[in-house]
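Take a look at the structure set out below.
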Amino acid sequence: MQEVCNLVATKLEVLLPKPEGLLEDDLFEGIRYATLSAGKRIRPFLTIQTAKLLGVAEENALNAAIAIEMIHTYSLVHDDLPAMDNDDLRRGQPTCHKKFGEATAILVGDALLTYAFELASDPITHPDPEVRATLVNAMAKTAGFAGMVGGQIIDMHPGISKATFPEIVRLQRMKTGALFVMSCDAGAILAKAQPQTRSALRAYANNLGLAFQIMDDLEDQIADSEAPHVEAKATLVTYLGHQKAHEHAKLLANQAIEHLVNFDNRAALLRELALYIVRGWLWELIKSIIVIWAPSPI
Ligand code: GRG
């Protein structure tokens with residue numbers, strides 16, 4: 001994952017516009033601020049690993065991976081806005097609108113979303129125009145009303161705190177899962193993979209996305225328990241409770257791994273990622289204590 005972070009950072013440095021004394025410099029600075037901050041780059045990791053598994057050249061995969069990370073970053077910038085989640089901090093620094101103002105943050109998100117499609121449709125991403133069209137089409141569906149944007153509006157629905165289990169699962173699949181699925185699907189699309197291979201990878205990512213969301217909500221719940229007032233959100237953690245939600249995430253991670261049964265050892269990192277995601281904050285805490293105690297690598 002660290003290698004992917006480095007690859008992404010180097011490529012973003014080349015691709016992102018730089019302020020150069022123009023009237024739109026604020027926009028460029030906002031784009032760089034939001035995108036170059038310390039994200040985990042899980043989605044690019046999924047695209048690059050899937051592409052590698054299926055024999056796609058890294059340069060093609062990296063372009064697609066970065067396009068997907070741009071869609072992800074746009075969603076974070078817009079989600080943090082006062083009209084949505086109204087967050088002050090993102091990736092350990094002030095949110096884009098806190099730093100650059102709301103109007104600029106809206107435009108940063110818009111610019112990142114549109115740049116994603118520019119990159120995906122660029123011949124560097126794939127020489128075959130049909131492959132590029134398939135990729136762009138899948139990305140549009142993922143980001144739009146049947147995917148992320150649809151999930152976001154459901155999440156903001158006034159009656160959402162009374163949502164049922166299937167309703168919450170549907171919401172999470174749209175809001176978070178869709179981009180995870182897209183991340184793996186991008187590798188399969190670039191490889192012109194057989195439908196069976198494509199659907200196995202999609203199924204892996206679907207389970208992984210849900211498990212990831214549960215773990216993210218578990219961490220939020222722990223962080224929020226210190227906060228004076230937190231609005232009820234519809235999550236599998238609020239629905240199932242801490243313990244059962246974590247069990248469910250582990251079950252989903254194992255199901256994700258089962259979908260990789262027909263892949264050889266080249267899928268080892270995808271399997272490892274599923275286990276890593278559900279290890280959770282407790283394991284990370286234990287690990288950091290061990291590191292303080294015995295500073296040799298574990
Ligand atoms: C279309 C405005 C709009 C929103 C779409 C994705 C989304 C809905 C909102 C983002 C907020 C959020 C917490 C979504 C859940 C998915 C999630 C856990 C995002 C954070 O992903 P990480 O942990 O973030 O991969 P980093 O910072 O590591 O990239």
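Excluded from the calculations below are hydrogen atoms, water molecules and symmetry mates; all remaining heavy atoms, backbone and side chain alike, are included. Note that the structure is predicted; figures quoted are calculated from it, not measured. In what follows, residues are counted from 1 in the order of the sequence shown. Both ligands and their constituent atoms are indexed starting at 1 by order of listing.
The distance from ligand 1 to the heavy atoms of T176 drops below 4.0 Å at these ligand atoms: 15 (C), 16 (C). Listed by number with element, the atoms of ligand 1 under 4.0 Å from a non-hydrogen atom of R43 are 19 (C), 21 (O), 22 (P), 25 (O). Per-residue contacts place D216 under 4.0 angstrom from the following atoms of ligand 1 (heavy atoms of the residue considered): 18 (C). For ligand 1, the atoms lying closer than 4.0 Å to a non-hydrogen atom of H78 are 2 (C).
Shown here is Q194, whose CD atom has no more than 12 heavy atoms of other residues, nucleotides or ligands within 6.0 Å.
Of all protein heavy atoms, the one closest to atom 11 (C) of ligand 1 is D79 OD2, 3.0 Å. Distance from atom 14 (C) of ligand 1 to its nearest protein heavy atom, with residue and atom name: K175 CE, 3.6 Å.
The closest approach between a heavy atom of L76 and any atom of ligand 1 is below 4.0 Å.
Using cut-offs of 30° and 60° on the angle between ring planes, the pair F165 and Y239 is tilted.
Within the 4.5 Å cutoff, the side chain of N86 has no heavy atoms near those of the L81 side chain. In this structure, the side chains of L53 and L201 come closer than 4.5 Å at one or more pairs of heavy atoms.
Distances from atom 27 (O) of ligand 1 to the heavy atoms of Q213, H72, R91 show the closest one on R91.
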